[in-house]
Number of protein chains: 2
Amino acid sequence: MTAFTKRQKEIINIAIELIAKNGIQYLTIKNLSQKIGLVESAIYRHFASKQDILLGILSIFKDNKEDIMLAIQTAADSPLQQLKILFNKRFTYFSNNPAVASVIFSEEFFRNDERLSQVVYEIMETNQKIIVQIVTAGQNANEIRVDLPAKQLAFIMTGSLRLIVTQWRLSEFNFDLKEEGQKIWNTIESMVKNNR
Amino acid sequence: MTAFTKRQKEIINIAIELIAKNGIQYLTIKNLSQKIGLVESAIYRHFASKQDILLGILSIFKDNKEDIMLAIQTAADSPLQQLKILFNKRFTYFSNNPAVASVIFSEEFFRNDERLSQVVYEIMETNQKIIVQIVTAGQNANEIRVDLPAKQLAFIMTGSLRLIVTQWRLSEFNFDLKEEGQKIWNTIESMVKNNR
DNA sequence: ATATTGTGAGTGAACATTCACACTCATAGG
DNA sequence: CCTATGAGTGTGAATGTTCACTCACAATAT
C-alpha cells in the first residue's frame, strides 16, 4: 500500500530482524538505531513514532497475504488443494520471516495500543473469512464433510496453524516449520475430507 | 505447592484482577499497591520481586490443573467423555479467572525471563502430554480413529482451545466461553470419533 | 521486646520522543 | 559556471515519564 523510502524499508527490515532474534520487547529505538548505525533521533526523520514502524511491518505482511491470495485463486485447484497451498505458503513465509509471526501473534503486547491491535485483529479476521470461504466451497463441491459448520472447521484449522507457529517461535525455531506444518495439515485434511 | 500467607493470597488475587481487566502490561507494582491500599514498598514485604508474584499466579493455576486431573480420573468415563470434561472444566476455570488465561498465554511477554517462560512452557508441555495420553487410551478403546497420530490429534485440540480463549480475551470477554468452547469441542469430537 | 508489616523518600535504569544545530546535495537564478 | 536556497537527513544533548526496587525509620502485634 504505502510506498516506503529506501531508509524506511531498511528500518523495517532491521526491526524485523531484531524482533525475530530477541522478541518484540527487544525492539527499542535505541537497539534499532544502533543496529542501523544511526543515532536514536535519526529514526524519527523516517518514522513519526515507533507505532508507525510496527504498522510498517504489518503492512508488509498484508502485502504478502494478498500475493498468497492471488496465487491461490489463479491456481484453480480443488478447495482442499487451495487450503493446502494456503497453509504451505504461510509456513514458508513465516520460516523466512520469523519476526512477522512474532508481531502478528503479539496481540497481548498491543492491547494498550488501539491502532495496532485493530490492525492485528483485522488481519486475523480477514484470514478467517478466507478460510471459511474456501471450506464452504469445498463443502459445496462435496469434497469436505458437510455435517460440520464451515466456520468451526476454519477455526480449528487456524488454531492449529497458530499453535504450531507459536511453538516454533518458543523453541527458538529449532524445528522445520514447513515440515511439521505439513504434517498437521495432512491430519486435518484427513479429518475433514468427505469419504464419499 | 508453596503455602501463601493471607496477604500474599490477597496480592495474587488483586494482581489477577488487574491483569484480567487491562492486560498483563498493566500489572505494575504501583497499580497493584494502589488497588490494595498499600504503599509500593509494602509489596516487597510479601514478595521478593514482581517475578515471584507472577510465579504465584502460575502456581495457583497448577493447583487447579491438578484438581481437574483428579476429577477426570475418578470420573471413570470413556476417553472421549474425559476429554469433554477436561475441556469443559478448563473453559469454566478461565471464565472465572480470565487473568490466568492472560498470564498463561503471555509467552512472548516472558521471553526475556528465563524462569517464567520455563514455567509456562512446562504447563503447556504437561497439558499436551495429558491429552495425548487420553487420546491414546481412546484409540486403544477403539473410540477414536486410529489412522491419525495421537500426538497430532492432541495438538489440534490444544490449538483450538487456545485460539478460542485468545479470541475471547481479545473480544473483552464478550461471548460465553463455555458455550463456544463446547461447540468447538463437539466439532472436534465428531471429527476424531471412530465411526464404528 | 522482638518479629512482622507498613511508610515515604529516593535511586537508577530504560524508554520514547523533542529540539536546536550541522551537514549534504540538488537545483533555480544571476 | 558559480552560488544561494531549501529540503532531506544526521547529531548530541536533553526531557519527562514509567518502572522495579531499596532503605532508614515508624507503627503494630504478639
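Residue numbers begin at 1 in each chain, while the letters A, B, ... track the order of the sequences.
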* For residues Gln128(B) and Thr158(B), is any side-chain donor paired with an opposing acceptor at under 3.5 Å? ->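 Yes, side-chain donor-acceptor contact under 3.5 Å.
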* To do: Would you check if there is a donor-acceptor pair between the side chains of Gln118(B) and Glu122(B) at a distance under 3.5 Å?
  =>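 Side chains of Glu122(B) and Gln118(B): pair found under 3.5 Å.
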Take atom [atom1] of [X] and atom [atom2] of [N], then tell me their distance rounded to the nearest Å.
X        : N       : atom1 : atom2 : value
Gln34(A) : dG10(D) : CD    : C1'   : 16 Å
His46(A) : dA7(D)  : NE2   : P     : 17 Å
Asp52(B) : dA20(D) : CG    : C1'   : 13 Å
Gln8(B)  : dT4(C)  : CD    : P     : 13 Å
Ile43(B) : dT4(C)  : CD1   : C1'   : 16 Å
Leu38(A) : dC23(C) : CG    : P     : 17 Å

* **4.5 Å side-chain heavy-atom contact, Phe47(B) and Gln8(B)** =>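 Yes, side chains in contact.
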* Asked: Any side-chain heavy-atom pair from Glu114(B) and Gln51(B) closer than 4.5 angstrom?
  ->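 They are not in side-chain contact.
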* Any chance you could measure Thr92(A), atom OG1, to Phe87(A), atom CZ, to the nearest 0.5 Å? =>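 Going from the OG1 atom of Thr92(A) to the CZ atom of Phe87(A) covers 13.0 Å.
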* Asked: Quick one: ring pair (Phe, Tyr, Trp, His ring centres under 6.0 Å) pairs with a partner in residues 107-133 of chain B, sequence neighbours left out?
  ->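 Matches after skipping sequence neighbours: none remain.
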* To do: Ignoring backbone atoms, establish whether Arg7(A) has a side-chain N or O less than 4.0 Å from OP1 or OP2 of dG10(D).
  =>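 It does, given that an N or O in the side chain of Arg7(A) lies less than 4.0 Å from OP1 or OP2 of dG10(D).
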Could you list, one pair per line, each protein nitrogen or oxygen that sits under 3.5 Å from a nitrogen or oxygen of nucleotides 11-18 of chain C, together with the distance?
{"unit_1": "dA16(C)", "atom_1": "OP1", "unit_2": "Lys50(A)", "atom_2": "NZ", "d": "2.7"}
{"unit_1": "dA16(C)", "atom_1": "OP2", "unit_2": "Ile29(A)", "atom_2": "N", "d": "2.9"}
{"unit_1": "dT17(C)", "atom_1": "OP2", "unit_2": "Tyr44(A)", "atom_2": "OH", "d": "3.0"}
{"unit_1": "dT17(C)", "atom_1": "OP2", "unit_2": "Lys50(A)", "atom_2": "N", "d": "3.0"}

* For the base of dG8(D), is there a side-chain donor-acceptor partner from Arg45(A) under 3.5 Å away? ->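 Checked by distance alone, the answer is no.
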